[in-house]
Amino acid sequence: MQNNVHQDDKKVKSAFRESTEITLSYFILAYAYIWFSDWLISKYVLDPSTAQVIQSIKGFISLGLIGLVYYIIVYRRVKKYLSNNEQLKKVLFELEYQNKQLAILEEKHFNLAYFDALTGLINRNRLEIRINRLIQNKTPFALLHLDIDDFGAINELKGHKWGDEALLLIAKELTKVGKEHIVARMSEDSFVLVFYQFEHLDEIKTLADVSINKVKNLMSKQSEAYFYSASAGVALYPDHGLVYGDILRHANLALSAAKKNGKDQVVFYNTFMHQSKEREYEITNAIKPSLQNDEFYVVYQPILDFKSGEIRKLEALLRWNHSSMGYIPPNDFIYLSEISGSILELTHLLYDKVFGQIKTWNQMGKYFTVDINISPKVLMHPTFIEDIERYIEKHEIDNKQIIIEITESMALENIDQTIIVLKQLKDKGFLVALDDFGSGYSSLTYFKHLPVDIIKMDKDFIAKIDKSPSERHFLKFVLDLSHAMSKKTVLEGVETIEQVEILKLHDVDYVQGFYYHKPLEVSQLNKIIQSK
């Protein structure tokens, strides 16, 4: 404020000085002109009439000088005014431009803060605001957290450009489903739909199923040979929470349950999920102490040559009998050990027990190849091959007696690196099997590139072959394709005589399932081996 006053004072002083200079200059010139002209007239003009005429002319000249001086004053003032006005226009233009740029930046900042850059859907920040408004207005709603199963793996295979295009299409389809509701993108491959105009829970179930099917159908069209699924968890307001954080957390718990239960489904939150999560924490914390207490053991499920009926292979399966919690199923602890990092220690335990048992059977004159399921974290570990060879050397067995099993989903998680590791295994004499083939998003594109010796076909391939001709045709197609590519096949999950009779009509290499044998402890298995 003081600076502005100081500048105004300067302008006033400048104007006063300029006006004074012009006025003084004019008075000096005018006085000199009058004095000098009068002197000339009095000296050289003797005729009074002539002198009067000259005085008149002199008066006109004086008026002209006054006008000239006035013109100069006005001109300089106007020029300065116009110059200042032009400067003002430039300043105003610059301010207007800066305001526009500021508005653009504010809009970009707003969009970044509240909207997803790829799909244009609202993001998690804006979603929280919208949901809090519903809660403030006490409007009942259902929050559906939808996730595309294993999207990241296929995205890596197909490329991120394809992935972005697919996500855009998914966003459009979900927007159609939730056009009267709220649709948001939470992360790369997960979305949230908030349904707040419904009367019955059946409507929510229908909308959830429609959403999942839209995604599956769309992805199937886009990805050709890949088979997609999507999972979703649902939490309700006010039934499952009174604040945004609780509702979202409960929807995520339901989504985790959907994933754990086999994916491709919608699960509604219930209070038992908390108990399940607490049990997961309890199991996770018990793994390492149980390793030290030797509470893990190995069972073996025989794999039979289908034509001869002889046991040629075995699948080694890790089991856990906890001192206080009792028997804990593999599905309950394997994936938790992967999350916690204990899977490496469990796998080393498996190496030691299985390779030691193979040595014992070799000494008995019974030679088997044994399947070992390997976790992605173990397969990608820098010392994986070095570790397995160390245990083989310790127990003095042959590399060819070991079959390394990987699953479809594992192969796709990092397919380039997986192929490199599998080739290294084969170069060292190990056999490689692709387990659970057909249980997920099978692709003939990568199937032909994976260096595997054995295809273990998921039990879904034969679950309905005694009831559906199309299932039998599809089974034949996969068997023929596998054999054409010089790969042996193992049919898992053989459970009924009807399945066995139908399999006799096909070119099947090996079978495995409860119809023949359940997983057996070593003592039980030895009785069967010694009886033959």
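All of these numbers come straight from a predicted model, not from anything done at the bench.
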* Nearest atoms (heavy-atom pairs only) where Lys428 meets Asn399 -> O-ND2, 2.8 Å

* Asked: Under a 4.0 Å N-O cut-off, is there an ion pair linking Arg390 with Asp387?
  -> yes

* **Sidechain-backbone polar pair: Arg249 side chain, Asn252 backbone, donor-acceptor under 3.5 Å** => no

* Do other residues, nucleotides or ligands put more than 12 heavy atoms under 6.0 Å from Lys464 NZ? -> no

* Please round to the nearest 0.5 Å and tell me the distance separating atom CG of Leu193 and atom CG of Leu121. => 9.0 Å

* Structure fact -> Ala286 and Trp320 have their tightest heavy-atom pair at O-CZ2, 3.7 Å

* Asked: Within the side chain of His250, is there an N or O that forms a donor-acceptor pair under 3.5 Å with the backbone of Asp246?
  -> yes

* To do: Tell me, with the steps shown, if Leu127 and Val192 meet side chain to side chain contact (heavy atoms under 4.5 Å, CB included).
  => CA-CA 9 Å; Leu127 175 68; Val192 163; 3.8 Å; yes

* Asked: Any sub-3.5 Å donor-acceptor pair from Asn123's side-chain atoms to Arg126's backbone N or O?
  -> yes

* His506 side-chain N/O to Ile502 backbone N/O, donor-acceptor pair under 3.5 Å -> yes

* To do: State whether Lys260 and Glu280 are salt-bridged, where the test is any N-O pair (Lys NZ or Arg NE/NH1/NH2 against Asp/Glu carboxylate O) under 4.0 Å.
  => yes

* Answer yes when Lys205 and Asp209 have at least one side-chain N-carboxylate O distance shorter than 4.0 Å, and no when they do not. => yes

* To do: Step through the shown structure and confirm whether more than 12 heavy atoms of other residues, nucleotides or ligands are within 6.0 Å of NZ on Lys459.
  => no

* Asked: Roughly how far, to the nearest 0.5 Å, is CG of Asn373 from CG of Leu317?
  -> 6.5 Å

* Structure fact -> Note: Val215 and Ala230 closest approach over all heavy atoms is CG1-CB, 4.2 Å

* Close side-chain approach of Trp361 to Leu314, heavy-atom, < 4.5 Å -> yes

* To do: Heavy atoms only: give me the nearest Asp264-Asp149 pair and the separation to one decimal.
  => N-OD2, 3.2 Å

* Structure fact -> Between Gln401 and Phe368, the two heavy atoms sitting closest are NE2-O, 3.2 Å

* Give a yes-or-no answer on whether the side chains of Ser190 and Ser187 include a donor-acceptor pair shorter than 3.5 Å. => yes

* Among Leu475, Val490, Leu479, Asp305, the one residue meeting side chain to side chain contact (heavy atoms under 4.5 Å, CB included) with Val508 -> Leu479

* Exam field: side chain Gln524 to backbone Glu521, donor-acceptor pair closer than 3.5 Å -> yes

* Aromatic centroids of Phe296 and Phe333 separated by under 6.0 Å -> yes

* Evaluate the side-chain proximity of Val370 to Ile403: yes if any heavy-atom separation is below 4.5 Å, no if none is. => no

* Asked: So among Glu315, Gln512, Lys518, which one has a side chain to side chain donor-acceptor pair (under 3.5 Å) with Gln301?
  -> Gln512

* Strictly by modelled atom types, are Asp509 and His483 linked by a side-chain donor-acceptor pair under 3.5 Å? -> yes

* To do: Describe, in one word, how the ring planes of His395 and Phe355 are oriented to each other, choosing from parallel (under 30°), tilted (30 to 60°) and perpendicular (over 60°).
  => perpendicular

* To do: Tell me, yes or no, whether the heavy-atom count around Phe474 atom CZ, taken from other residues, nucleotides or ligands under 6.0 Å, exceeds 12.
  => no

* To do: For the residue pair Tyr351 and Tyr391, categorise the inter-ring angle as parallel (less than 30°), tilted (30 to 60°) or perpendicular (more than 60°).
  => tilted

* Heavy-atom neighbours of Tyr281 OH exceed 12 at 6.0 Å -> no

* Show your working on side chain to side chain contact (heavy atoms under 4.5 Å, CB included) between His240 and Ile247 and close with a plain yes or no. => CA-CA 6 Å; His240 301 150; Ile247 298 162; 5.9 Å; no

* Asked: Quick check: does any side chain N or O of Gln499 sit under 3.5 Å from a backbone N or O of Thr496, one acting as donor and the other as acceptor?
  -> yes

* Start with the C-alpha gap between His181 and Val194, add the side-chain angles, then the distance that decides, and say whether side chain to side chain contact (heavy atoms under 4.5 Å, CB included) holds. => CA-CA 6 Å; His181 307 277; Val194 180; 5.8 Å; no

* **Within 6.0 angstrom of Lys488 NZ, more than 12 heavy atoms from elsewhere** => no

* To do: Examine distances only and state if a side-chain atom of Glu278 and a backbone atom of Ser276 form a donor-acceptor pair shorter than 3.5 Å.
  => no

* Structure fact -> When rounded to the nearest 0.5 Å, the distance separating OG1 of Thr369 from CD1 of Ile303 is 7.0 Å

* Does the distance from a Lys or Arg side-chain N to an Asp or Glu carboxylate O, for Lys176 and Glu173, drop under 4.0 Å? -> yes

* Can Arg472 and Asp466 be counted as an ion pair, charged N to O under 4.0 angstrom? -> no

* Determine, for Lys359 against Asp398, whether the closest basic-nitrogen to carboxylate-oxygen distance falls under 4.0 angstrom. => no

* **Inter-residue atom distance Thr119.OG1 - Asp116.CG, 0.5 Å rounding** => 3.5 Å

* Asked: Quick one: CG on Leu318 to CD1 on Ile343, what's the gap to the nearest 0.5 Å?
  -> 8.0 Å

* Any donor-acceptor pair under 3.5 Å from Thr383 side chain to Glu386 backbone -> no

* **Thr360 side chain vs Gly356 backbone, donor-acceptor pair below 3.5 Å** => yes

* To do: For the pair Lys313 and Asp371, find out whether any cationic side-chain nitrogen is under 4.0 Å from an anionic carboxylate oxygen.
  => no

* When you look at CD of Gln363, are more than 12 heavy atoms from neighbouring residues, nucleotides or ligands closer to it than 6.0 Å? -> yes

* Asked: If you measure from NZ on Lys259 to OG on Ser231, what distance do you get to the nearest 0.5 Å?
  -> 4.5 Å

* Apply side chain to side chain contact (heavy atoms under 4.5 Å, CB included) to the pair Val234 and Leu143, showing each step before the final yes or no. => CA-CA 6 Å; Val234 181; Leu143 189 151; over 6 Å; no

* Asked: Do Asn270 side-chain atoms and Phe272 backbone N/O form a donor-acceptor pair below 3.5 Å?
  -> yes

* To do: Answer yes or no: is there an ion pair linking Lys476 with Asp507, defined by an N-O contact shorter than 4.0 Å?
  => no

* Structure fact -> Heavy atoms of His517 and Ile311 approach each other most closely as NE2-CD1, 4.2 Å

* Should we say atom NZ of Lys172 is surrounded by more than 12 heavy atoms from elsewhere, each under 6.0 Å from it? -> no

